[in-house]
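Below: one structure, written as structure tokens.
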Amino acid sequence: MAGVAGRVALVTGAGSDGGIGFATARLLKEAGARVAITSTTDRIFDRLNELPGDSSEAFAAPADLTETAQVEKLVSDATAALGPIDIVVNNAGMVEISRDEPSGHLHSTTDEGWRYGLDINLTSSFLVTRAVLTGMMERNYGRIVHMSSVTGPVVGIPGSAVYGAAKAGMLGMARSLAIEAGPYNVTVNCIGPGWIKTPSSSDAEIVAGGYTPAGRPGTPDEIGHVAVFLASEESSYVTGQLIVVDGGNTIQEYKGPQ
């Protein structure tokens, strides 16, 4: 199985040591990929030092992925360090460590809050994808994985209309792009995590994970393993899909105490 060995992967939103992005980057590196990682702050260099294996086969840089110029520089620098990018995992979004943007009901959402939520989740994925796509098509190979959510594409949560709209938008973008890029051997898929225990999880989210059929919240590694599969050569006939990883939560009608 070729997997991801020898491929160059860019993983965004990898700044947290306990987050999905860094777990995915670590698993890709362990599987033999050369890995570039990014986040909004310099803590990304701490994560770089924690990646396993040969340090010459890894790269890190902070970037604001809502800014076209910074995205293009990130892709250019990563390519110069590791080679042309074969794999992108668009994990950045949800929250930004340098900014506090509380959730709220739609009627109280400001113009700024709406644009910010779409920018960090959806626009960032668009800009990164656009920056690597032409090269993937020219080389007739690419794997694009969007870290969407069950919130938006599958279910809704009060106070998360902006987030849900952005995550549903990622799926819509992925499906259209899967058709456009399919003839060039470029696949585009989304992962829909459910309740995953990370450093940013609230107490309520951890409790909710206990009511899934699996009886617990998921782990970042459990999402990362799915991302590695979708990033692999073996996933060549999977495209335009949302792979839900939620411990069975969205299949059950009753979600209260037994």
Side-chain angles (χ1 to χ4, degrees), residues 11-13 19-21 24 65-66 71 88-96 99 101-130 132-133 143-182 186-196 198 200-202 204-205 208-209 212 217-218 220 222-224 226-227 230-231 235 238-253 255:
V11 182
T12 70
I20 291 171
T24 299
L65 301 182
T66 68
V71 170
V88 164
V89 180
N90 283 309
N91 175 71
M94 189 170 180
V95 294
E96 182 180 323
R99 176 167 173 168
E101 190 74 22
S103 299
H105 288 185
L106 189 66
H107 71 274
S108 62
T109 300
T110 64
D111 291 357
E112 180 186 15
W114 173 263
R115 294 189 183 104
Y116 171 73
L118 292 184
D119 278 351
I120 65 168
N121 289 289
L122 182 57
T123 302
S124 62
S125 296
F126 158 68
L127 292 176
V128 173
T129 299
R130 185 180 65 179
V132 302
L133 186 58
R143 299 287 184 266
I144 297 167
V145 182
H146 294 324
M147 203 61 67
S148 180
S149 177
V150 292
T151 304
V154 182
V155 296
I157 300 176
S160 293
V162 180
Y163 176 78
K167 292 300 187 180
M170 292 176 78
L171 179 57
M173 178 171 64
R175 285 179 170 161
S176 291
L177 181 55
I179 298 169
E180 295 173 9
V186 176
T187 66
V188 191
N189 292 287
C190 290
I191 297 175
W195 301 118
I196 308 300
T198 71
S200 65
S201 299
S202 68
E205 290 170 339
T212 67
E222 288 174 315
I223 303 299
V226 177
L230 292 175
S235 67
V238 181
T239 195
Q241 302 303 307
L242 173 70
I243 309 299
V244 172
V245 188
D246 71 344
N249 192 47
T250 53
I251 67 168
Q252 62 180 356
E253 184 171 356
K255 295 184 171 69

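Residue numbers run from 1 in the order of the sequence given.
- Side-chain N or O atoms of Asn249 include none that pairs as donor or acceptor with a backbone N or O of Gly194 at under 3.5 Å.
- A heavy-atom distance below 4.5 Å is not found between the side chains of Leu230 and Thr187.
- Side-chain atoms of Ile196 and Pro220, non-hydrogen and from C-beta on, do get closer than 4.5 Å to each other.
- Between Ser149 and Leu242, the shortest heavy-atom contact is O-CD1, 4.5 Å.
- Minimum heavy-atom separation, Gly113 to Val162: O-CG1, 4.0 Å.
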Can you give the donor-acceptor pairs under 3.5 Å from side chains of residues 165-180 to other protein atoms, not counting sequence neighbours?
unit_1	atom_1	unit_2	atom_2	d
Lys167	NZ	Met147	O	2.8
Arg175	NE	Gly240	O	3.3

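- In terms of modelled atom types and a separation under 3.5 Å, the side chain of Ser125 and the main chain of Asn121 share a donor-acceptor contact.
- Nearest heavy-atom pair, Gly248 versus Ile251, reported as atom, atom and distance to 0.1 Å: O-CG1, 2.9 Å.
- Side-chain polar atoms of Asn90 and Thr129 form a donor-acceptor pair below 3.5 angstrom.
- Counting heavy atoms from C-beta on, the side chains of Asn91 and Thr24 never come closer than 4.5 Å.
- Between His146 and Val188 the shortest side-chain heavy-atom distance falls below 4.5 Å.
- Distance check: Ile243 CD1 to Ser148 OG gives 11.5 Å after rounding to the nearest 0.5 Å.
- Nearest approach of Leu133 to Ala181, heavy atoms of both residues: CD1-CB, 4.5 Å.
- Applying the side chain to side chain donor-acceptor pair (under 3.5 Å) test to Thr66 and every residue at least two apart in sequence or in another chain returns Asp64.
- The shortest non-hydrogen separation linking Trp114 to Thr109 is N-CG2, 3.8 Å.
- Partner Thr12 forms a side chain to side chain contact (heavy atoms under 4.5 Å, CB included) with one of Val89, Leu65, Val71 and no other, that one being Leu65.
- Checking each of Ile120, Leu118, Thr151 against Tyr163 for a side chain to side chain contact (heavy atoms under 4.5 Å, CB included) leaves exactly one that passes, namely Thr151.
- For the pair Gln241 (side chain) and Thr239 (backbone), a donor-acceptor distance under 3.5 Å is present.
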